Amino acid sequence: MSNVTRDVLVKKLQDRTARVAVIGMGYVGLPLATVFAEAGFEVTGVDPVAEKMEALNRGESYILDVPSEQVARLVKAGKLKGTTDYAVLSEMDAVSICVPTPLRKTGDPDLSYISSATESLAPYLHEGMVVVLESSTYPGTTREMVLPQLNCRYGLEVGRDFFLAFSPERVDPGRKDWTTKNTPKVVGGITEACSDVATCWYEQALDTVVRVSSTEVAEMAKLLENTFRMINIGLVNELAIMCDRLGVDVWEVIDAAATKPFGFMKFTPGPGLGGHCIPIDPLYLSWKMRSLNYTARFIELASEINTSMPRFVLGRITDALNNQGKPVKGSRVLLLGVAYKPNIDDLRESPALDLIHLLKEKGAQVSYYDPHIPHIHADGDIEEMDSVTDWRAEVQAADCVVIVTNHKVFDYPAILELSRCVVDTRNALGEAGKKSDKVVRL
Ligand code: SAJ
């Protein structure tokens, strides 16, 4: 079916004269904005945090994965700029929405960021605009929430006058091998024409675009990716609990299973599930399914097991202290590594925070050492804490050292030598830990 609006927009996307905006310039939006700018588009980042936009316009990056040199070069070339003023969207032809989708305290999805970004965009929606939502969310969000909010612009018809699609972000902060540019990108539109336009746009800048038939397929693909991880992590965490009851070394079991060259993927147990994706995205799906009177049992069970791991680790710490004739109460417990995964400075949903809370509830004297996280800010049950600095002295003074996050900067042989007892939740000490009678592993 001929569609002049679509054809004109596709032409502008292909010759890079289309004006591009990214709403939400965080760890997803800024890398995406730089990829579009590198491809030759003039890109405007829109974010409510003025300090970030001011830094951007000074040619400074505030995201680890994006070098300031690149930002400075693109800003100087007039290809990238930042603003807090949503009115610029009236001049834009292509808008990507990259805002957070956290959980509320109740455990329900918090779609307020998507809703407010869409509300801010709606007054400026015009004929010949394409909008792509990137935020991880439940299947149906783009069609059931974003589209109605945009449809308030009377007379504009989706798929004819403007185009709307979903493309899940696949950013893994800190990763060098897979980047925004070279990671295959799934794109699905509300209509065929929407898919045409959004796919064409992303193909101008990204190495591989995978077109799917609808926004729901694209939304669900993302949730499958992260639910797959969450459930398999839950499986190996339950395996750790079962192996503990069986008196079998779960690490040896997993290493043995991982020698199978096909049909198996290695996951490892730990103190729980942290991060802003894996513990959260699957709960968007189970929440949506409950509204359809269906219980996503795998997700709910895996979530239950993963959230029980800090308490399981507390049990191992209690046993380790008990073996020394010490109660948890009053004992000095040092946590090594509190970030949610190794070698990053991100605390979001970190199981270390739950473990600190549980230990303090039992009356332990808790301290932590994490060179990536000098300070823990108070938040709800979480008390303000500073990382210790002299880790050697603290390891020696502790009644129990707990390796929670296995950062590569840690000196594991020294930790083993200097400590009285270690609970190693990541098998960070390896064979040396397995052989030592002062080490308890998950
Ligand atoms: N974890 C385990 N055992 C494992 C793997 C992870 O306990 O075998 C824990 C981690 O310690 C962490 C949590 O699970 O607390 C999440 O770890 P993750 O490796 O999944 O890292 P994330 O949360 O940064 O996940 C991101 C995701 N990327 C996107 O959503 C775009 C995920 O899809 C990636 O697969 C993952 O990075 C990755 O592979 O690094």
Side-chain angles (χ1 to χ4, degrees), residues 26-29 31-32 63-65 98 100-103 134-137 167-186 206 218-241 250-251 253-255 257-258 264-285 302-303 305-310 312-313 335-355 370 372-373 402-408 424-428 441-442:
Y27 80 91
V28 175
L32 185 66
I63 297 289
L64 279 176
D65 292 346
C98 304
T101 43
L103 287 180
E134 294 236 344
S135 311
S136 306
T137 185
S167 179
E169 60 90 1
R170 283 177 165 173
V171 175
D172 183 21
R175 194 160 209 148
K176 303 286 182 228
D177 52 352
W178 291 106
T179 63
T180 297
K181 185 170 185 313
N182 72 359
T183 302
K185 200 79 163 57
V186 170
L206 302 178
E219 289 160 337
M220 191 66 165
K222 170 67 179 181
L223 294 185
L224 170 58
E225 288 164 24
N226 285 0
T227 301
F228 165 79
R229 274 184 87 71
M230 184 251 218
I231 284 177
N232 279 285
I233 294 164
L235 170 64
V236 290
N237 280 334
E238 185 169 49
L239 204 77
I241 296 167
V250 66
W251 302 98
V253 167
I254 292 169
D255 285 344
F264 183 79
M265 183 173 179
K266 181 176 180 180
F267 289 86
T268 51
L273 199 56
H276 43 283
C277 304
I278 307 306
I280 290 172
D281 297 349
L283 300 186
Y284 268 68
L285 179 56
S303 184
I305 290 167
N306 289 328
T307 47
S308 76
M309 291 312 284
F312 180 71
V313 171
L335 272 56
L336 293 180
V338 292
Y340 83 78
K341 72 175 183 180
N343 316 316
I344 63 167
D345 62 354
D346 195 333
L347 255 183
R348 282 176 288 186
E349 306 292 321
S350 174
L353 299 172
D354 300 311
L355 187 55
D370 189 324
H372 299 286
I373 298 190
V402 189
I403 300 174
V404 179
T405 305
N406 45 329
H407 292 311
K408 66 177 177 233
D424 183 359
T425 73
R426 300 287 188 174
N427 190 27
R441 305 197 299 174
L442 268 197

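Computed from a predicted structure; not experimentally measured. We count ligands from 1, going down the list as the structure has it; atoms in each ligand are counted the same way.
Taking atom 14 (O) of ligand 1 as the reference point, the nearest protein heavy-atom neighbour is L273 CD1, 3.0 Å. Nearest protein heavy-atom contact of atom 1 (N) of ligand 1 is I233 CD1, 3.7 Å. Counting only heavy atoms of the protein, atom 15 (O) of ligand 1 lies nearest to Y340 O, 2.6 Å. The protein non-hydrogen atom at the shortest distance from atom 39 (O) of ligand 1 is R175 NH1, 3.4 Å. Nearest protein heavy-atom neighbour of atom 2 (C) of ligand 1: T268 O, 3.5 Å.
Across all non-hydrogen atoms, the minimal contact from P168 to K185 is O-NZ, 3.1 Å.
In this structure, the side chain of K341 does not engage the main chain of S350 through any donor-acceptor pair within 3.5 Å. Counting only distance, with no hydrogens or angles, the side chain of H407 and the backbone of P342 share no donor-acceptor pair below 3.5 Å. Side-chain N or O atoms of Y340 include none that pairs as donor or acceptor with a backbone N or O of D345 at under 3.5 Å. Between the side chain of D370 and the backbone N or O of V338 there is at least one donor-acceptor pair closer than 3.5 Å.
Those atoms of ligand 1 that come under 4.0 Å of a heavy atom in K341, given as number and element, are 21 (O), 22 (P), 24 (O), 37 (O), 40 (O). Atoms of ligand 1 lying under 4.0 Å from at least one heavy atom of R426, given by number and element, are 7 (O), 11 (O). The atoms of ligand 1 that sit less than 4.0 Å from any heavy atom of E169 are 31 (C). The V171 neighbourhood of ligand 1 comprises atoms 28 (N), 29 (C), 31 (C), with distances under 4.0 Å to a heavy atom of that residue. Taking every heavy atom of R170 and a limit of under 4.0 angstrom, the matching atoms of ligand 1 come to 31 (C). Atom numbering of ligand 1 starts at 1 in the shown order; those under 4.0 Å from a heavy atom of I278 are 16 (C), 20 (O), 23 (O), 25 (O), 32 (C). Within the listing of ligand 1, atoms 30 (O), 32 (C), 33 (O) sit less than 4.0 angstrom from a heavy atom of N226.
Side-chain contact, S303 with N306: no donor N or O sits under 3.5 Å from an acceptor N or O.
Residues K266 and I254 form a side-chain contact, since some pair of their non-hydrogen atoms from C-beta on lies under 4.5 Å apart.
Nearest residue to atom 13 (C) of ligand 1 from G274, A352, A240, G174 is G274 (criterion: closest heavy atom). Residue D172 holds the heavy atom nearest to atom 37 (O) of ligand 1 of all those in D172, V236, N232. Comparing M309, R229, K222 by heavy-atom distance to atom 34 (C) of ligand 1, the nearest is R229.
Annotation: C277 places no N or O atom under 3.5 Å from an N or O atom of ligand 1; distance criterion only.
Each of T227, N226, T137, T101 was evaluated against D281; a single residue qualifies, N226, per the side-chain hydrogen bond (donor to acceptor under 3.5 Å, both in side chains) test.
If you take OG1 on T405 and NE2 on H372, they are separated by 9.5 Å, rounding to the nearest 0.5 Å. M309 CE to L355 CG: the interatomic distance, rounded to the nearest 0.5 Å, is 11.0 Å.
A salt bridge is defined here as a Lys NZ or Arg NE, NH1 or NH2 lying under 4.0 Å from an Asp or Glu carboxylate O, and R170 with D172 fails to meet this definition.
Under 4.0 Å from ligand 1, not a single heavy atom of K266 appears.
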